[in-house]
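Note sheet for the following structure.
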2 protein chains.
Amino acid sequence: MAKVKLIDVARFAGVSKSTASQFLNGRFDYMSKETQERIRAAVAELDYVPNPIARNLKATKTKTIGVVVRDITGFYSSRVIRGVDDYCKAKGYNALIYNTDFDPETEAKSIEALYQLRVDGVIIASSGNNTQLISGYIEKGMPIVHFQIENDGSEQNIILSDYKKAAFDATEYLINLGHKRICFVTQDFNNVNSRIDRYQGYAEALSKHDIPLDDNLVQRWDRESGFQTAPIEIIKSYAPTAFFTQHLPITVELLRSLNRANISVPDDVSLLGFDEVPMAEFFKVPITVVKQEPYSIGIEASKLLLNNIAKETNISHKILIPCSLEIRESCKKL
Amino acid sequence: MAKVKLIDVARFAGVSKSTASQFLNGRFDYMSKETQERIRAAVAELDYVPNPIARNLKATKTKTIGVVVRDITGFYSSRVIRGVDDYCKAKGYNALIYNTDFDPETEAKSIEALYQLRVDGVIIASSGNNTQLISGYIEKGMPIVHFQIENDGSEQNIILSDYKKAAFDATEYLINLGHKRICFVTQDFNNVNSRIDRYQGYAEALSKHDIPLDDNLVQRWDRESGFQTAPIEIIKSYAPTAFFTQHLPITVELLRSLNRANISVPDDVSLLGFDEVPMAEFFKVPITVVKQEPYSIGIEASKLLLNNIAKETNISHKILIPCSLEIRESCKKL
DNA sequence: TTAATCAACTAAACCGGTTTAGTAAATTTA
DNA sequence: TAAATTTACTAAACCGGTTTAGTTGATTAA
């Protein structure tokens, strides 16, 4: 494609490669005005475009970072990526996206691929199954910033929503509406702080309002097998007046179940979801949710990463981004 | 980061750089078993990882392509990108995403950035305002594949939904439900074939069923100023029994208007949209839509691009991907 | 007047690989 | 038995830049 290179410019201007390079990097220390002008003219005449790859080879930098997400297609992930990308582009970096589809092995392969590609750093929403492996890369000197998922016991750079406060606020909102039997639906904690924190926010709100914590109202859902106990059974057996779902897919599946069983939201049961629901305004019942700020998370994550890259430090930072409660129509006042 | 290089491996194995390189590239032509074994051992011992950048420098290839979209966050774009990325990764390429936010200038800058980065090719949903410029890059030898938007008169590689057939089928579906006054809501054609084709599909369906084409029922919408005529006015003045919107934002805005004006879909007026609507199943009225296959479009676009890169040809190909009608509840039988 | 300094460059090494053109020893052919 | 060929490598050029260590002629200080 672009064939004219530095040596061509140098020859055209009648100077050496070194001088041409100095000029292009703005170091005019001891360079006569005429020489500068000749090189400028040569660049213009030959339509020269420096090759950033050759440049970075020498610098042993790629000006590229990696972003490892579950699926770029998701509402949350795509916005994080957009934030990362906007910040990176502004700082002269490019971002390479790797999708893991929730598979820890694909995740491991992605990190290795990025390592081999010599990216300057990585932003990752890790599954939590590769903690050891990731530590290894950090030791090898690859700066890594996490987001979305915080695993227990790992000191790391991470940007997170303030899950605990968000869950607390949401639960308190339901309590203030008169709810006492609030069913908390979560994925298995599995040492993931990001899940435990929400639970704690929930528990603390109950405690603050002297509502006993009923273990029957803490229900599990997982990606493969769905609800451990069917929502209809939960309602029959434990009579919750509200569901508080901790993840968009849980909200979606719960809503689907309730619709199928002809259980009306919010008349029969209230529903509050974690994570924004796209197109909520057009829903039969617009869902009240805890809204995260994925775009901001992306910005902050890349800010932190590029900072670490620049300073070659790796002191663990944890940054919390506040959430907000988006009140719509799925929670009834009792 | 990774510091061990080829020369280290070579020294460790007691061979020259060249021999080590030959080994790593699987050319064992005249290499003794013992030498092979020694290099293999050195690689393993030193944990050597080849530097793809240095490799590609010599090859004058980057094994990277660019993808220029409006906004990675969108339902359609994110899926196209996912398709592109899956195909590219499988073929050893990486994709760099550039967002234009519908701004032709940002688009131009993105292409130039990708050109300077020496990407091996570009996949783009162009605004249509940079046709000249893009031709320039093609002439410079940069392979380009378009998708989503086809501009009038430009011979180019392009992957598209079969817009005409899709619009024909959708219109005929409405006609078969008894609709005769179908309001076609579109962006200004502006020489964009992707829009004109839909209009032709619409017109041909009407014609086939002997329904006169009423210009009053062809309405404009644009991103900045919204509807040229407010939907309520359209209904009052021209009494359509159905709307057929040509773009997701139009569908969304129309629905919003109708809701605000308390006009019921489909009781007062039917609605059929182009483009899938996320979460449609939970809508007050699930919207019937023409569903495109963005993931397939991404796959096909990258297939075509990588093919052109490999063969260094650039014969214009146009590939149509069929759409399907996703029938839900927003169209009433009259 | 001569050594030291400075302005304005350039040669060559380097980044980390690939590839082409050789080379020396062993083997085959004439 | 000498020439031609084959085997198993290596030296050096190259990809397209950056950077370090010089070099040369002019100017300034001692």
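By convention in this document, chain letters (A, B, ...) are assigned in the order of the sequence lines, proteins followed by strands, and residues within each chain are numbered from 1.
Under a 4.0 Å N-O distance rule, the pair B:Arg82/A:Asp71 qualifies as a salt bridge. Under the 4.0 Å criterion applied to side-chain N and carboxylate O atoms, A:Glu150 and A:Lys318 are assigned as salt-bridge partners.
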**Report entry** Pair B:Ser161-B:Gln292, side-chain hydrogen bond (donor to acceptor under 3.5 Å, both in side chains): steps then yes or no
**Finding:** CA-CA 7 Å; B:Ser161 288; B:Gln292 298 190 60; 2.5 Å; yes
Q) Is there a side chain to side chain contact (heavy atoms under 4.5 Å, CB included) between A:Lys303 and A:Ile159 once you walk through the steps? A) CA-CA 10 Å; A:Lys303 209 180 265 182; A:Ile159 315 287; over 6 Å; no
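Protein atom CZ of A:Phe28 is 14 Å distant from nucleotide atom P of C:dA8, rounded to whole Å. Rounded to an integer number of Å, the gap from B:Lys3 NZ to C:dG17 C1' is 19 Å. Taking atom CD1 of A:Ile7 as the reference point, atom P of D:dG16 lies 11 Å away to the nearest angstrom. The nearest whole Å value for the distance from the CG atom in A:Leu6 to the P atom in C:dC14 is 19 Å. Here the P atom of nucleotide D:dC15 and the NZ atom of B:Lys61 are 15 Å apart, to the nearest Å. One atom, CG of A:Leu117, and another, P of C:dG16, lie 16 Å apart when rounded to the nearest Å. Rounded to an integer number of Å, the gap from CD1 of B:Ile53 to C1' of C:dG16 is 10 Å. At whole-Å resolution of the value, CZ in A:Phe23 and P in D:dG17 are 15 Å apart.
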Distances under 3.5 Å between protein N/O atoms and the N/O atoms of nucleotides 8-10 of chain D, please, pair by pair.
unit_1	atom_1	unit_2	atom_2	d
D:dC9	OP1	B:Thr35	OG1	3.1
D:dC9	OP2	B:Ser32	N	2.8
D:dC9	OP2	B:Ser32	OG	2.6
D:dC9	OP2	B:Thr35	OG1	2.7
D:dT10	OP2	B:Ser16	N	2.7
D:dT10	OP2	B:Ser16	OG	2.9
D:dT10	OP2	B:Thr19	OG1	2.7

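When the side-chain nitrogen and oxygen atoms of A:Lys58 are compared with OP1 and OP2 of D:dT18, none of them lie within a distance under 4.0 Å. Within the 4.0 Å cut-off from OP1 or OP2 of D:dT18, not a single side-chain nitrogen or oxygen of A:Arg27 is found. A sub-4.0 Å separation between OP1 or OP2 of C:dC15 and a side-chain N or O of A:Asn56 is absent.
For A:Asp152, the side chain to side chain donor-acceptor pair (under 3.5 Å) test picks out no residue, with sequence neighbours left out.
Taking the side chain of B:Ser21 as heavy atoms from C-beta on, and the options D:dT18, D:dG16, C:dT19, the nearest nucleotide is C:dT19.
Among residues at least two apart or in separate chains, side chain to side chain donor-acceptor pair (under 3.5 Å) pairs with a member in residues 39-55 of chain B are B:Glu37-B:Arg40.
With rounding to the nearest 0.5 Å, the separation of CG in B:Asn130 from CD1 in B:Ile124 is 7.0 Å.
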